[in-house]
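Only heavy atoms go into these numbers, but all of them, side chains included; no hydrogens, no water, no symmetry mates. Lettering of chains follows the sequences in order, A, B, ..., and the numbering in each one begins at 1.
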4 protein chains.
Amino acid sequence: MNKINVGLIGVGRLGVLYARYLAYQIPASNLIAASDVNPAAEAAAKELGVKKWYSNYQDLIDDKQVDAVVIVTPTSNHRDTVTAAARAGKAIFCEKPLSISLDEARAMQKVVEETGVFFHMGFMRRFDRGFRAGKQKVEEGAIGKAVVFKASSRDPFRPSLEYLDPNHSGGLIIDMGIHDIDIARWMMGDVAQTYATGGVLAYPEINEVGDIDNAIVNLTFENGALGVIDLTRNGVYGYDIRTEVLGTQGTVKVGYLRETPIVMMTKDGVTHDTVPWFMERFGEAYVAQLQNFIEHLQKQKEPSIKCADGVEALRVAIAATRAFKENRPVAVAEIV
Amino acid sequence: MNKINVGLIGVGRLGVLYARYLAYQIPASNLIAASDVNPAAEAAAKELGVKKWYSNYQDLIDDKQVDAVVIVTPTSNHRDTVTAAARAGKAIFCEKPLSISLDEARAMQKVVEETGVFFHMGFMRRFDRGFRAGKQKVEEGAIGKAVVFKASSRDPFRPSLEYLDPNHSGGLIIDMGIHDIDIARWMMGDVAQTYATGGVLAYPEINEVGDIDNAIVNLTFENGALGVIDLTRNGVYGYDIRTEVLGTQGTVKVGYLRETPIVMMTKDGVTHDTVPWFMERFGEAYVAQLQNFIEHLQKQKEPSIKCADGVEALRVAIAATRAFKENRPVAVAEIV
Amino acid sequence: MNKINVGLIGVGRLGVLYARYLAYQIPASNLIAASDVNPAAEAAAKELGVKKWYSNYQDLIDDKQVDAVVIVTPTSNHRDTVTAAARAGKAIFCEKPLSISLDEARAMQKVVEETGVFFHMGFMRRFDRGFRAGKQKVEEGAIGKAVVFKASSRDPFRPSLEYLDPNHSGGLIIDMGIHDIDIARWMMGDVAQTYATGGVLAYPEINEVGDIDNAIVNLTFENGALGVIDLTRNGVYGYDIRTEVLGTQGTVKVGYLRETPIVMMTKDGVTHDTVPWFMERFGEAYVAQLQNFIEHLQKQKEPSIKCADGVEALRVAIAATRAFKENRPVAVAEIV
Amino acid sequence: MNKINVGLIGVGRLGVLYARYLAYQIPASNLIAASDVNPAAEAAAKELGVKKWYSNYQDLIDDKQVDAVVIVTPTSNHRDTVTAAARAGKAIFCEKPLSISLDEARAMQKVVEETGVFFHMGFMRRFDRGFRAGKQKVEEGAIGKAVVFKASSRDPFRPSLEYLDPNHSGGLIIDMGIHDIDIARWMMGDVAQTYATGGVLAYPEINEVGDIDNAIVNLTFENGALGVIDLTRNGVYGYDIRTEVLGTQGTVKVGYLRETPIVMMTKDGVTHDTVPWFMERFGEAYVAQLQNFIEHLQKQKEPSIKCADGVEALRVAIAATRAFKENRPVAVAEIV
């Protein structure tokens, strides 16, 4: 099979890592082009052997040699790049979240569906070994019927206030919770209703930008099952991501927190370290996801995660955000 | 110091255990009398060396030799026994829940306060080594400011439908959740608002009596901190009771699930057993609580858990039950 | 069945605990008498309600009301008390080690066998839930054929030099290792050969009394299976006692090190405490063992651990001590 | 800096993996040539983009473009390839064990030293994150003075009898134990004396080739510290590799056994899986080691593991093998 010629749009912090994966770790990928509005990013791309550099994403999309684009730009740019790439008939990988605006997300879904391009919605957790194994256990019936979904996402520090500004991030529930919501939908099915509590409890300065730093999000699934997600920016001890599905015959827990396989025992007790940050936790999953994107494209299989999954996760996150703001349960059907 | 002469009211399943503890394991306790409407219980009491047997609790209360009564009767009987004992000036230990009716609970609180008797509200978890150590860590500031409270209570099987009938049990949130709510108040302070989702997800026959088998209860504390409790009757793998308090500088987790300290490793993986049921988990805590009751009484200290704690935990549980039924957040202040 | 009237000989640190267990926690035991050369110990016995006090053990043994004696005196006194009690026809519980001299141990075994008295050799680990469960797994064949026995015993601090003096303690391998050797024999069968390395590695002052602070003891069982025990006085992080039996189909590990069921997670990592000392680890096992002694006596069953077990464990420990001193493998058969 | 042109000698099971690492995962490596006596291996090399194929290793060594050779041939071939490469002035990476013959190993060491070529002895465990972190803790003094070294290596199944034949493998202690011996030397220093017990306990057919399937190896270090290693071929539950260093202030344990980060809890207990085999456990370490080889070569640093380390580990393993065979402690100095 021919290799896929890939163009990378967005060579920021995550983009550079994607470049490395696409250049070295995925044999069927040929990273031939990259683009970023920041000219300083060119050097990083060149070092990885990327031949073509475009300061304008449209030029990259117009490059006839490019088969597929991987979009790792800021969320606010997703609509333009996705639309242009779809119109140019390129296969698309778009990093999460699709958008923080439901209208915008639906517009993207529409153009993707109309043009019929291959579109993979980036949610790397679905490619983590733990989450995959957890889902498999649920599907095998190892826990009976799944009745309660629990998830916990904890960031080890507060991002910049600029990053947190809900006008860009969508707010805590969208920014952090969308991963858990996607996993919830993947494991349990569609969500019918949400509710949320939250507050600024750890970093008072977050009030300046109008976001919160802790939230508890309730989900009621269409099949009646229950869900709850807790989100925090003050998981100062480490990057702690856990999920559990409780069934009628047992429960399966996904997650771990020890980074280095040693244990210390001294007069201070028994101690081990923790996972510091998301790349340590999900580095492998990012590679596996890009690998899956390239492979499904190459073998003309359906994308593993569709544009509609990005839209629907966003819709649930928006419902939960509204539920928090209005302090009432919000049906997902309300979000149109 | 003189020993305390104790009369035990209620010699059922838990009552017999209490009798054993009071007779053997608490040196300052002199278990001199017992009472139960069931004449078959007399033999058990006699075997433990309890001298006086009363078929009527009032006669036990009227016994001048009895200094203190320990009440382990069905909840519906608490009001009568507590009232009679308070009027007779006896020190009182009353097993949880105080009542399933707020009016009744408040009536008891009133008589206790008016008579000024020593009254210990039974919530054994506060005497568990794990919960005590967890609370101490929070108080020492080891996790900074406490901002999120999480708890999980899982029963390993479904009780009888007769037991589950909300007319007697108060329903899942009161019956199981009151322990977690008490711990939440103890560790975090008073609760301002509740919300809950729930359903009959594992045992359809529970619909017959009008209860549920799974619930997720949200708490918002008066200080703004958040809380969430998940309750299930289908923790079929074991009796799994966990609590966590997340703060601004770390988190403390309370709980464990291995009963026997062995680990098996075979081709089936790495395996250990689980805590089967509540006496294995909290047997020590029950003893410690009775010990504390006797000691505080003997040394004329304040009771460690007051009648008002029983009333307030009930009030929060009632608020959460209403929140579930009406699918809306319910302020605790609403429950009057 | 009648209760057993027990006389306790030796009311030191461990003796007081035994007194409490015999007085309160074992219903079929009637602790009626106690004896110690130290008159200060009388108060402790009286406080536990022990009626008769003897400053001379022989008087206690001569007391016609005493059915059974529990001997918790210094090891050097075992021979005299055991001999006298056996001659008087009393049932005997003797704390480990039987002796540090093989001749003396055999003399005791002879008198026990000649008089035919009930004799229980105290090795409390056999009554620990973990060790019992581990042995049961081995017997059930859950690990196939047992081929390697591993054990680790770690004391959290150095005892006094006076205690360590090998003339009294027998030296590290006898003093600490006899527990592991007994468990090894119990789980795996008789030992054919030993070898040991050791040294003064942590506390140079131990050289003064001629003992060592660390040792590794190899065992070769008569059935060909292998064993290894590591012993240390510098397990400064806690009282860490572990055993493992590796078989042809799996392995079973016995032991644990968390005393309080909480886990802390902060910027310093994930931490829990450790078991501080032997009473926290084996308190329950001590009670279970005394309970077993009383019950077997009452029901006229065989003692669970015999005098011969005490002799044989000592013999293996002596062989290993010689192996260490002479730096050569020593057959147990050599020790006569 | 210029990339290093690498020639791979030996494209068997492990060789193919090395080829992949050298071709894709180590940017500074340029895998330009490969060689194997098996012509079928050529296809695998070509698929990885290796340009030059040599059926004869000498031709590869004679290739002027080749800067460095990576030798992953059968152990019996090491002497010839190492010698030829050293004479040709190539930098050398040689997979463990250097040899099973001390004479041969020393001959190689001599040629390496005489020619002055860069020589890296392959012991991948030293590049595992757990082992590195463990060593660092020891060096930082986190456990005080290191006094006891423990290690356990368990293979999940029996290799073929052909593989086990001591004429090729050197026997269990050399074949498996050399890794633990190398780690022991790395963490604790040189070994003065060995002893070992062992036997055919799980697979009677191993008697046919004259090897054993279980062993316990004692080490006494030159500084007086103690060591013990247990080796088994019947770790049927998984690939279980653990090391511990006990010091005067604490202990550090290296190792883990859960492959997939999920835990199942059902009526059968709490279960997780195990690491299946060495590539799952040490895949990352193999890459890190090759990376280190290339980097040190490129930057003209000393090799991280020297030929002398390979010789000395072998010498200790030979001493332990003799100790087992002769059932006596064997000083390493005896092995000349």
- Query: Side chain, backbone, both or neither: which part of C:Val148 has an atom under 4.5 Å from a heavy atom of chain D?
  - Reply: side chain
- Could you look at D:Leu246 and say if it's the side chain, the backbone, both or neither that has a heavy atom under 4.5 Å from chain C? side chain
- Message: Does anything in residues 201-215 of chain C reach chain D? List residues with heavy atoms under 4.5 Å apart, or say none.
- Response: C:Leu201, C:Ala202, C:Asn214, C:Ala215
- Note on the structure: Residue from C:Gln249, C:Arg154, C:Lys145 scoring the most non-hydrogen pairs under 4.5 Å with chain D is C:Arg154
What pairs of donor and acceptor atoms, side-chain ones from residues 257-264 of chain D against any protein atom, are under 3.5 angstrom apart with sequence neighbours left out?
residue: D:Arg258; atom: NH2; partner: A:Gly255; partner atom: O; Å: 3.3
residue: D:Glu259; atom: OE2; partner: A:Arg129; partner atom: NH1; Å: 2.7
residue: D:Thr260; atom: OG1; partner: D:Asp273; partner atom: OD2; Å: 2.7

- Query: Considering heavy atoms only, which positions within residues 227-242 of chain C lie below 4.5 Å of chain D?
  - Reply: C:Gly227, C:Val228, C:Asp230, C:Thr232, C:Asn234, C:Val236, C:Tyr237, C:Arg242
- For chain C, the option from D:Val147, D:Asn223, D:Thr220 that forms the most heavy-atom pairs under 4.5 Å: D:Val147
- Please look at C:Thr197 and chain D and tell me whether the side chain, the backbone, both or neither of the residue comes under 4.5 angstrom of a heavy atom of that chain. both
- Among C:Gly250, C:Ser152, C:Gly144, C:Gly198, residue most engaged with chain D (heavy-atom pairs, under 4.5 Å): C:Gly198
Going by atom type alone, with no hydrogens or angles, which donor-acceptor pairs under 3.5 Å involve a side-chain atom of residues 322-330 of chain C and a protein atom two or more places apart or on another chain?
residue: C:Arg322; atom: NH1; partner: C:Glu334; partner atom: OE1; Å: 3.2
residue: C:Glu326; atom: OE1; partner: C:Arg328; partner atom: NE; Å: 2.7
residue: C:Glu326; atom: OE1; partner: C:Arg328; partner atom: NH2; Å: 2.8
residue: C:Asn327; atom: OD1; partner: C:Tyr195; partner atom: OH; Å: 2.6
residue: C:Asn327; atom: OD1; partner: D:Gln193; partner atom: NE2; Å: 3.3
residue: C:Asn327; atom: ND2; partner: D:Gln193; partner atom: OE1; Å: 2.7
residue: C:Arg328; atom: NH1; partner: C:Glu334; partner atom: OE2; Å: 3.0
residue: C:Arg328; atom: NH2; partner: C:Glu334; partner atom: OE1; Å: 2.7

- CD (D:Glu280) with more than 12 external heavy atoms under 6.0 Å: yes
- Task: Answer with side chain, backbone, both or neither: which region of C:Ile216 has an atom nearer than 4.5 Å to a non-hydrogen atom of chain D?
- Result: both
- Query: Can you tell me if NZ on D:Lys267 sees more than 12 non-hydrogen neighbours from other groups inside 6.0 Å?
  - Reply: no
